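Inspection log for the structure reproduced underneath, given as structure tokens.
This is a predicted model, so every value here is computed, not measured.
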Amino acid sequence: MLPTESKKALSFKRCIEDGDLVIVYERHDVMKPVKVTKDGVLQNRFGFYRHSDWIGKPLGTKVLSNKGKFVYLLAPTPELWTLVLSHRTQILYIADISFVVMYLEVVPGCVVLESGTGSGSLSTSLARAVAPTGHVYSFDFHEQRAVCAREDFEKTGISSLVTVEVRDIQGQGFPEKLSSLADSVFLDLPQPWLAVPSAAKMLKEDGVLCSFSPCIEQVQRTCEVLRSDFIEIRTFEVLLRTYEVKEMKVETGAMIGESHDEEDNGGQRPSKRKHISNDDGYAISQDNSSSATSTVMARPCSEARGHTGYLTFARLQCLS
């Protein structure tokens with residue numbers, strides 16, 4: 001659903017057509033990709049939905065089932081596709097992906113090499129970043145994974161932006177035909193240090209490499225090899241902490257944290273906003289000047305992700 005012609009704006013189509021892929025959103029943790037067909041029907045716990053009722057409607061529409069229950073029809077953005085794609089391998093998530101795209105300096109028109117393709121989570125975001133005139137060359141040693149990735153890229157409309165090939169980059173290196181053509185290279189390999197010399201040959205002057213590794217021992221060995229041809233070697237661990245924020249009812253009564261010495265305030269009650277925590281771990285924001293029984297509370301999400309891996313970046317050293 002991404003336009004690839006250079007004359008078109010870089011945005012998703014706004015209305016649903018027959019044959020399109022949409023993300024059906026029930027709630028934040030229940031979503032699924034669905035290909036729209038004129039005679040298609042989606043069934044879930046809320047009833048059934050006819051695809052014919054979806055065609056012509058704008059993306060983001062709320063549609064009703066035969067029981068009057070609703071779901072949302074959303075565009076398959078890289079962010080949502082990352083959450084619903086089939087996990088053929090462990091994937092990169094939004095926090096790491098956004099960091100990679102920024103530090104690899106990926107912009108429209110760039111040529112990016114990636115190994116391995118895996119489930120195609122990062123590939124999808126890279127394709128959007130290089131569109132409409134750039135290209136992503138992705139390599140995976142596993143033939144069936146490469147086939148499945150191509151099928152997914154066809155579904156999401158980015159197949160003209162991504163070329164997937166079967167190749168053992170650790171053993172064979174990148175194809176010579178791509179020498180000095182890449183603006184950036186991304187490695188997600190068990191032994192990335194084996195691919196570093198080949199990656200250096202693929203990069204243009206001042207090109208950037210990124211290696212993703214789950215273990216610090218892999219990082220250390222990769223950095224040893226990087227020092228031969230690269231500068232500005234840096235390693236990051238991206239940790240994301242999300243919060244649940246919702247309105248809750250509280251019992252009315254004496255305001256928490258209120259000063260008992262009214263004389264210091266000219267006999268007036270203090271009106272400071274107080275922040276406290278309740279037994280559930282929520283931070284409560286209350287205004288002492290109000291006697292309202294509802295308040296906004298926030299706490300860290302219980303399902304927040306911890307360590308995923310280490311991202312090592314390096315810039316190719318210019319010989320001149």
Checklist entry - Is the shortest distance from a Lys or Arg side-chain nitrogen in Lys35 or Asp20 to a carboxylate oxygen in the other one below 4.0 Å? => result no
Item to check | Option among Asp140, Asp168, Leu189 that satisfies the side chain to side chain contact (heavy atoms under 4.5 Å, CB included) test with Ser115 | outcome: Leu189
Item to check | Short side-chain to backbone donor-acceptor contact, Glu247 and Met297, under 3.5 Å | outcome: no
Item to check | Test item: Val208 and Glu105 side chains (from C-beta on) under 4.5 Å apart, heavy atoms | outcome: yes
Checklist outcome for this item: Rounded to the nearest 0.5 Å, the CD1 atom of Ile16 sits from the CG atom of Leu73 at a distance of 4.5 Å
Checklist entry - What is the distance from atom CZ of Arg227 to atom CD1 of Ile231, rounded to the nearest 0.5 Å? => result 14.0 Å
Checklist entry - Does Arg145 offer a backbone N or O that forms a donor-acceptor pair with the side chain of His142 under 3.5 Å? => result yes
Next on the checklist: Counting C-beta onward and ignoring hydrogens, is there a side-chain heavy-atom pair between Val22 and Pro76 closer than 4.5 Å?
Outcome noted: no
Checklist entry - For the ring pair (Phe, Tyr, Trp, His ring centres under 6.0 Å) test, which of Tyr103, Phe230, Phe186 pairs with Phe313? => result Tyr103
Next on the checklist: One pair to check against side chain to side chain contact (heavy atoms under 4.5 Å, CB included): Tyr49 and Val71. What are the steps and the verdict?
Outcome noted: CA-CA 9 Å; Tyr49 305 79; Val71 295; 3.5 Å; yes
Item to check | Same apolar cluster: Phe174 and Trp193, side chain cutoff 4.5 Å | outcome: yes
Checklist entry - Does Val162 share a hydrophobic cluster with Ile97, counting links as ILVMFWY side-chain heavy atoms below 4.5 Å and allowing steps through other members? => result yes
Checklist entry - For the residue pair Trp54 and His51, does the interplanar ring angle fall in the parallel (under 30°), tilted (30 to 60°) or perpendicular (over 60°) class? => result parallel
Item to check | salt bridge (charged side-chain N to carboxylate O under 4.0 Å, His left out) between Arg45 and Glu26, worked out | outcome: CA-CA 10 Å; Arg45 59 198 176 96; Glu26 294 183 23; 3.5 Å; yes
Checklist entry - Is the backbone of Thr89 close enough, under 3.5 Å, to the side chain of Ser119 for a donor and an acceptor to pair up by distance? => result yes
Checklist entry - So, does Arg50 use its side chain to make a donor-acceptor pair with the main chain of Val41 at under 3.5 Å? => result no
Checklist entry - When you look at NZ of Lys38, are more than 12 heavy atoms from neighbouring residues, nucleotides or ligands closer to it than 6.0 Å? => result no
Next on the checklist: Strictly below 4.0 Å, N to O, side chains only: are Asp152 and Arg150 in salt-bridge contact?
Outcome noted: no
Item to check | Chi angles and distances behind the side chain to side chain contact (heavy atoms under 4.5 Å, CB included) call for Leu311, Asp96 | outcome: CA-CA 8 Å; Leu311 294 169; Asp96 287 323; 3.8 Å; yes
Next on the checklist: Test your reading of the model: is there a side-chain donor-acceptor pair from Ser65 to the backbone of Lys67, 3.5 Å cut-off?
Outcome noted: yes
Next on the checklist: Main chain of Gln218, side chain of Ser213: is a donor-acceptor contact present, judged purely on distance under 3.5 Å?
Outcome noted: no
Item to check | Heavy-atom side-chain contact between Leu126 and Thr124 under 4.5 Å | outcome: no
Item to check | Salt-bridge present (Lys201, Glu176; N to O < 4.0 Å) | outcome: no
Item to check | Glu165 and Ser138 side chains, donor-acceptor separation under 3.5 Å | outcome: no
Checklist entry - Do Ser211 and Thr222 have side-chain N/O donor and acceptor atoms under 3.5 Å apart? => result no
Next on the checklist: For Gly120, is there any backbone N or O sitting under 3.5 Å from a side-chain donor or acceptor partner on Thr117?
Outcome noted: no
Checklist entry - Is the side chain of Ser198 donor-acceptor paired with the backbone N or O of Ala195 at a distance under 3.5 Å, no angle test? => result no
Checklist outcome for this item: When Phe212, Phe236, Tyr93 are each screened for ring pair (Phe, Tyr, Trp, His ring centres under 6.0 Å) with Phe99, the one that passes is Phe236
Item to check | Under 3.5 Å donor-acceptor, Tyr25 side chain and His28 backbone | outcome: yes
Checklist entry - Hey, mind stepping through Asp183 and Lys204 against side chain to side chain contact (heavy atoms under 4.5 Å, CB included) and telling me if it holds? => result CA-CA 6 Å; Asp183 296 282; Lys204 298 176 182 177; 3.3 Å; yes
Checklist entry - Do Asp206 and Arg315 have side chains that get closer than 4.5 Å, going by heavy atoms? => result yes
Next on the checklist: Quick one, Val63 and Lys57 - any side-chain contact, counting heavy atoms below 4.5 Å?
Outcome noted: yes
Item to check | Shared hydrophobic cluster for Val185 and Val136 (ILVMFWY, side-chain gaps under 4.5 Å) | outcome: no
Item to check | Cys148 vs Arg88, side chain to side chain contact (heavy atoms under 4.5 Å, CB included): CA-CA, chis, key distance, verdict | outcome: CA-CA 9 Å; Cys148 292; Arg88 297 178 286 274; 3.6 Å; yes
Checklist entry - Is the distance between the ring centroids of Tyr137 and Phe139 under 6.0 Å? => result no
